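Before any comments, here is the structure.
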2 protein chains.
Amino acid sequence: MPRVTIRDVAARAGVSTATVSRALSGARPVSPEVADQVHRAVQDLGYSGNGIASALRRSRTDTVGMVVPSVANPFFTSLVENVEYALQQAGRQLFLCSSRSDPALEAQRLRSLVARQVDGIVISPVHGTESTEAVAWAAAELPLVQVDRYVSGVPSDWVGVDDEAGMVLVMDHLAARGARSAAFVSSRLTNSSTELRLAGFRRHTERLGIAVDDEHVLLGEYSIDWGREGTARLLRSRRLPDAIVCADDLIALGVVQACSEAGVEVPGDVLVTGFDDIPFSALSAPPLTTVRQPQELIATEAVRLLQRALEPSVVEPARISLSPSLVVRASTGPAPRQAHPGAPVSGTSGRRPR
Amino acid sequence: MPRVTIRDVAARAGVSTATVSRALSGARPVSPEVADQVHRAVQDLGYSGNGIASALRRSRTDTVGMVVPSVANPFFTSLVENVEYALQQAGRQLFLCSSRSDPALEAQRLRSLVARQVDGIVISPVHGTESTEAVAWAAAELPLVQVDRYVSGVPSDWVGVDDEAGMVLVMDHLAARGARSAAFVSSRLTNSSTELRLAGFRRHTERLGIAVDDEHVLLGEYSIDWGREGTARLLRSRRLPDAIVCADDLIALGVVQACSEAGVEVPGDVLVTGFDDIPFSALSAPPLTTVRQPQELIATEAVRLLQRALEPSVVEPARISLSPSLVVRASTGPAPRQAHPGAPVSGTSGRRPR
DNA sequence: GTGAAAGCGCTAACAA
DNA sequence: TTGTTAGCGCTTTCAC
């Protein structure tokens with residue numbers, strides 16, 4: 001079927017295409033009768049406009065591209081949802097891409113987004129150094145804001161959580177729970193969040209006098225499987241630490257599960273903490289103590305920064321570091337007496353006396 | 001910065017814009033020397049092409065739109081990942097939208113995708129009847145394939161799982177485990193999957209002589225919270241059934257959690273099953289017995305159907321119903337002796353003697 | 001308030 | 001093999 005264009009509408013309404021455009025966009029006033037005829041013609045013909053042509057002419061697409069390392073990780077999923085929502089409020093659409101944690105794929109996605117003339121880009125870069133070139137290039141082409149993770153050396157906005165502050169919360173909590181030694185299970189040092197969390201772990205174990213065995217710092221990837229594997233290694237080591245600090249909730253979920261399988265009690269034999277507070281962190285056995293990121297805030301700030309960057313006025317890049325909060329659940333016991341939604345604990349732990 | 005266009009490249013390379021276009025797209029042969037000059041000019045100027053202009057001229061975008069009810073549901077997330085991957089193989093990009101389970105938002109997304117001239121659409125419609133108009137309209141505008149859920153009465157392709165077959169697997173398994181009564185916790189009857197699963201539940205409980213109390217069929221929504229709420233209602237009813245059959249894993253996770261909080265043992269006091277086999281279904285306490293959907297296959301079939309629909313030749317819409325499989329884990333016990341990856345059970349359940 | 005006309009940047013005919 | 005030319009469908013001056 002030949003698509004109906006603005007010319008067809010114009011012909012039917014007995015006006016010029018310019019008038020149709022004005023009537024539909026509301027860019028300029030149009031007499032009521034004419035507006036009426038136009039809308040009737042649109043109805044009759046089933047006209048629906050060509051966004052591509054419009055975009056070419058206006059050189060803007062009202063679309064923002066977002067690139068995340070994974071859509072399977074609930075943390076990014078929530079971020080995406082929140083960004084999409086914030087954008088919608090601002091009358092823009094989200095074009096979502098997954099880089100699958102692959103810098104090469106990420107670079108390709110960025111090229112593709114630039115070619116598609118998105119108005120701006122929101123990205124959580126895969127890698128601290130390997131992502132730099134592509135991100136820098138994209139940032140030079142159009143407004144770009146980094147969220148959560150960032151590559152340094154690129155003059156772009158950034159919004160994320162204060163990872164160091166998060167580790168302070170975790171370590172202080174563990175110290176208060178009596179931990180005298182700790183392990184750290186994380187991903188390889190490939191991005192800013194990871195580095196800052198490890199640095200925070202090291203600094204604050206030291207400050208609090210918590211012992212860290214060299215072979216108790218395990219770097220793999222952000223996944224449940226790696227949490228299981230890391231736990232296996234810890235169990236093989238000389239001595240289990242008092243606490244296992246994980247760089248994200250997926251790892252922590254794997255750790256908790258592997259402990260349970262091995263008959264190691266959490267929190268009885270070892271305390272476990274996560275990071276992110278993904279929805280499922282409340283559902284494991286036991287539920288995870290973790291660091292909550294202010295996702296909605298991160299998303300709205302990201303969109304605000306992007307809007308700002310879309311303005312002609314050139315401003316200094318902003319770096320916004322938001323404060324996380326600690327969510328204490330049963331994985332760092334003692335379990336509260338009373339079960340309550342979101343942090344249920346009674347009856348879920350293995351060998352606790354009841 | 002004024003964006004560099006194909007004309008700049010042409011001028012620098014000393015050829016026509018048509019030649020540049022041909023050299024870059026490879027649509028037609030170009031002499032090696034000229035190709036060289038063009039590529040050099042591209043490098044020098046940092047030319048990166050305007051996909052919008054190209055799309056307008058070619059009237060295709062090499063982009064496919066996908067609309068899902070939720071990006072927070074791991075089931076759809078996996079589907080999205082798989083579709084994105086399959087599309088990438090086919091040289092197309094995915095434009096992802098969430099309808100947030102809202103038919104109005106869904107209609108808006110569809111309009112937007114059509115306006116953006118995507119080449120085709122993959123959709124899992126929110127609602128069995130309220131989505132029909134928008135889906136039918138979009139399907140008339142361009143190639144469209146429905147996945148997982150579908151609205152009937154729209155002549156479009158569909159790929160999904162055989163929900164009825166899934167329920168057969170579940171009910172036969174429960175009967176073999178000795179269940180003589182069962183409850184069903186699902187979402188309100190708003191889409192095809194839900195209806196088929198309920199119908200299957202009814203048919204096969206009857207066939208197997210499993211009792212179903214009227215007040216044991218609970219319809220809410222696909223969420224963990226509804227699983228918790230549904231459980232609360234079941235606990236308030238006269239008598240707990242032998243099994244709680246859930247229409248998806250999120251509900252089942254909520255059920256298992258709520259049972260645990262209430263001191264009801266799974267599978268000791270009640271058997272619980274899910275549907276979908278999302279990654280987290282293996283991590284609950286106890287891990288869920290559930291119905292696995294062949295996600296990769298659904299995705300690749302969806303993309304194949306879409307490609308087919310993009311061909312000029314008109315063919316009959318296809319409806320492809322794929323077979324699910326049953327994944328037996330501890331929530332329908334007896335627990336296996338030996339813990340093994342993906343189905344750990346020892347030491348995770350409340351009051352089991354050990 | 002409305003229309004005529006000029007392109008946005010690119011590619012596909014059509015010639016040469 | 002290469003260049004010239006004509007638009008894709010829309011918006012926006014610039015006149016009136």
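Residue numbers begin at 1 in each chain, while the letters A, B, ... track the order of the sequences. As the structure is a computational prediction, the values presented were derived from the model and not from experiment.
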Is it the case that B/R319 places NZ or CZ above or below the six-membered ring of B/Y150, under 6.0 angstrom from the centre and within 45 degrees of the axis? yes
Looking only at side-chain atoms of [X], point me to the closest of [options].
| X | options | answer |
| --- | --- | --- |
| A/T17 | C/dA5, D/dG3, C/dT2 | C/dA5 |
| A/V30 | D/dT2, D/dT12, C/dT2 | C/dT2 |
| A/T5 | D/dG9, D/dT1, C/dG1 | D/dG9 |
| A/A53 | C/dG9, D/dC10, C/dT2 | D/dC10 |
| B/A18 | C/dA12, C/dA4, D/dT2 | C/dA12 |
| A/L56 | C/dC8, D/dT12, C/dG3 | C/dC8 |

For atom [atom1] of [X] and atom [atom2] of [N], their distance in whole Å:
| X | N | atom1 | atom2 | result |
| --- | --- | --- | --- | --- |
| A/R22 | D/dC10 | CZ | C1' | 13 Å |
| A/L45 | D/dG9 | CG | P | 15 Å |
| B/D62 | C/dT11 | CG | P | 11 Å |
| A/R3 | D/dC10 | CZ | P | 8 Å |
| A/I52 | C/dC8 | CD1 | P | 18 Å |
| A/D8 | D/dG9 | CG | P | 9 Å |
| B/N50 | C/dT11 | CG | P | 9 Å |
| B/R58 | D/dC8 | CZ | C1' | 12 Å |

Test item: B/L110 and B/I121 side chains (from C-beta on) under 4.5 Å apart, heavy atoms: yes
Looking for any heavy atom pair under 4.0 Å, which part of the strands does B/S31 touch: base, sugar-phosphate only, or nothing? sugar-phosphate
Does the side chain of [X] get closer than 4.0 angstrom to OP1 or OP2 of [N] through an N or O atom?
| X | N | value |
| --- | --- | --- |
| B/S16 | D/dG3 | yes |
| B/T19 | D/dG3 | yes |
| B/S21 | C/dA12 | no |
| A/S54 | D/dC10 | no |

Is the count of non-hydrogen atoms from other residues, nucleotides or ligands lying under 6.0 Å from [X] atom [atom1] greater than 12?
| X | atom1 | value |
| --- | --- | --- |
| A/R7 | CZ | no |
| B/R58 | CZ | yes |
| A/E316 | CD | no |

For DNA chain D, whose closest nucleotide is more 5', that of A/I6 or that of A/R28? A/I6
Does A/E106 have any salt bridge (Lys or Arg N to Asp or Glu O under 4.0 Å) partners at least two apart in sequence or in another chain, and if so, which? none
Where the side chain of B/Q146 meets the backbone of B/S156, is there a donor-acceptor pair that is under 3.5 Å apart? no
Rounding to the nearest 10°, end axes of the helix from C/dG1-D/dC16 to C/dA16-D/dT1 built from five pairs each make an angle of 30°
Please determine whether any donor N or O and acceptor N or O are separated by less than 3.5 Å between the side chain of B/R57 and the base of D/dG9. no
Return yes if a side-chain donor-acceptor contact under 3.5 Å exists between B/R116 and A/T63, otherwise no. yes
